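These notes concern the structure reproduced below.
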Amino acid sequence: MPVDMRVASPEDAASPSRAPLLLAPLQLAPLLLAWYDGHARALPWRTPPGDATPPDPYRVWLSEIMLQQTTVAAVAPYFARFTARWPTVAALAAADEGELMAAWAGLGYYARARNLIACARAVVDGHGGRFPDTETALRALPGLGAYTAAAVAAIAFGRRAVVVDANVERVTTRLFACPVPLPAARPRIRALADTITPGERAGDFAQAMMDLGASICTTRKPRCLLCPLATLCHARATGDPEAFPVKCMKKPRPHRRGIAYWLAAEDAVLLVRRPDKGLLGGMRALPGGDWGAIAEPAPPADADWRPIGTVEHVFTHFSLSLDVMAAALPMRPFADRPGAQWWPIETIDEAGLPTLYARAAMLGRATHPEGLPA
DNA sequence: CATCCGTGGTA
DNA sequence: TTACCAAGGAT
C-alpha cells in the first residue's frame, strides 16, 4: 500500500466538502534525485554527470525553446546546427533573420524562431549580453512563458523554481491521483508541484521529473515496476494510472483544401514569403491562396497549368489537402520583387521551406527537374 | 478561458 | 489506420 500523503490544507478548511489536498512527503525529492543520478538521459544540451562546469544559459535557453511541444529526437539535429552556426547569444542576435528562419524550417511553430532572435537581441541590448538570472526577469523576454522562465532559472542558474510542463503535469496528477480535469487543474497541479520541489537542485529535480515522464511515467502503459516513486503514487494504487491526468474532450479537426503553384522558369522556381503573422508566418512558400477562403487563388502567371499531385498535411487545428499545380515558362515573366523571388530548383532543399511546401516542391521538382517546359 | 500555431513518432 | 500527443507561448 502506498504511504498516505493526504493532509488537510487551508483550502479544505475553507471548503470542507472538497476532497482533501494531497501533500507528498519530503522524501520524494531525494528519492527522485537519487534515481536521476543513476538514470539521467545523456542529452546534447546537458553537462555530463560529474562535470562541475556550470551550464551555459544560452544553450539551456536555446534547448528549452526548441523543446517546446517538440520531441528530443526532432530537436537534437537542429540544436547541433544552431550551436555550431551561432555559438553565443551575441552571435544569434547578429544573425540574419532570413537565414535563421530557414535554419528553423521543418521544426514547426515558427513564432518560436521569430521570438528567438527577438529574445537574443533583447538580451544583448537590454541585459549586456547576459541572460537575466531570475525567473521574473526571464519571464519578460520574448518566447519565455511560465514554463521556460522557470526551467531556465532552475537549470541554468540553480534557482528554486516550480517547473511545470506536460511531463510534470502527468507525473504530479498521478502521484496525487488528482481528479480535476485539465486544463482547469493547472493551478492545483502547480500548487502540488510546489510542495514537492526541493530548495536545492531544483534544476535537476525538474529534469528528473521530465526524464521520469519521458521514460517511465509515460502517457500510455507507464512502467510502474521501474518507477522510483511507485510506493508514493496514488494513481498506481487505484490500479489504473493511465486514467491520469483527466482530460476534457477535444474538438474534431476540420479539413481544408487549397492550391499551391509551382512556376518554373530558367532553372528556377517562384517562391514567396508568407506574412509574418499567422500560419507558417515569415516562411518561404509556393504561391497560392489562403486555404479555406471562398475564392480560388489566382495563378502567379498566365501559363499552361497542370495538376501534378496533392499533398496531405496535418496541422494542429486542421488538416489540409493541397493540390499542386505546375507550369513551366521559357523565360521569367518578371524579376525578383519584394515578397517574391526566383530560387534555383537544384538547391530547393536549401530554401528553408516548411514541411508542407517542401513536400509540394518534391512534386514540382519531379515534374520540372530543370525548370524547362517538358 | 479559448483559439491559434507544425511536425513526426507511436500504439 | 486513425488518434493522440510532445521540455508551450501569444493573443
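Within every chain, numbering begins at 1; the chains are lettered A, B, ... in the order of the sequence lines, protein sequences first and strands thereafter. What you see is a predicted model, and the numbers here were worked out from it, not measured in a lab. All values below come from the heavy atoms of this structure, side chains included, with hydrogens, waters and symmetry mates left out.
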- Task: Please check the phosphate of B:dG6 (OP1 and OP2 only) for any side-chain N or O of A:H313 closer than 4.0 Å.
- Result: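 So the side-chain polar atoms of A:H313 never come under 4.0 Å of the phosphate oxygens OP1 or OP2 of B:dG6.
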- Reckon A:H317 has a side-chain N or O less than 4.0 Å from the OP1 or OP2 of B:dT3? no
- Query: Would you call the rings of A:H39 and A:W35 parallel, tilted or perpendicular, where under 30° means parallel and over 60° means perpendicular?
  - Reply: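 A:H39 vs A:W35 ring planes: parallel.
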- Aromatic plane relationship, A:Y357 with A:W291 - under 30° parallel, 30 to 60° tilted, over 60° perpendicular: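 Rings of A:W291 and A:Y357: tilted, as their planes differ by 30° to 60°.
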- Item | cation_pi(A:R337, A:F334) dist<6.0 Å, angle<=45 | yes
In whole Å, what is the span from the [atom1] atom of [X] to the [atom2] atom of [N]?
{"X": "A:I65", "N": "B:dC5", "atom1": "CD1", "atom2": "C1'", "value": "15 Å"}
{"X": "A:R256", "N": "B:dC5", "atom1": "CZ", "atom2": "C1'", "value": "12 Å"}
{"X": "A:W291", "N": "B:dC4", "atom1": "CH2", "atom2": "C1'", "value": "14 Å"}
{"X": "A:F318", "N": "B:dT3", "atom1": "CZ", "atom2": "C1'", "value": "13 Å"}
{"X": "A:L320", "N": "B:dT7", "atom1": "CG", "atom2": "P", "value": "11 Å"}
{"X": "A:E312", "N": "B:dG8", "atom1": "CD", "atom2": "P", "value": "15 Å"}

- Which listed nucleotide (B:dA2, B:dC5, B:dT7) is nearest to the side chain of A:P183? B:dA2
- Message: Looking at A:D204 and A:R201, is there a salt bridge between them, counting it only when a charged N and a carboxylate O are closer than 4.0 Å?
- Response: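 Counted as a salt bridge, because a side-chain N and a carboxylate O are separated by less than 4.0 Å.
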- Task: In plain terms, say whether A:D133 and A:R130 are close enough for a salt bridge, that is, a side-chain N and a carboxylate O under 4.0 Å apart.
- Result: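 So A:D133 does not pair with A:R130 through a salt bridge.
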- How far does the P atom of B:dC4 sit from the matching atom of C:dA7, given to the nearest Å? 24 Å
- Query: What interatomic distance, in whole Å, is found between P of B:dG6 and the corresponding atom of C:dT11?
  - Reply: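 So the two P atoms sit 14 Å from each other.
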- Message: Under 4.0 Å, counting only non-hydrogen atoms across every strand here, what does A:L107 touch: a base, just sugar-phosphate, or nothing?
- Response: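 Base: the residue A:L107, judged by heavy atoms under 4.0 Å, touches a nucleobase.
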- Indicate whether the side chain of A:E312 and that of A:S321 have a donor and an acceptor atom separated by less than 3.5 Å.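 Result is yes, a qualifying pair exists.
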- Message: I need the single residue from A:D165, A:I155, A:V163 that forms a side chain to side chain contact (heavy atoms under 4.5 Å, CB included) with A:E64. Which is it?
- Response: A:I155
- Given DNA chain B, 5'-ward residue of the pair A:L353 and A:K251, judged by closest heavy atom: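 Between the two, 5'-proximity favours A:K251.
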- nucleotides 1-11 of chain C: protein proximity per nucleotide (B base, S sugar-phosphate only, - neither; heavy atom, under 4.0 Å): ----SBBBSS-
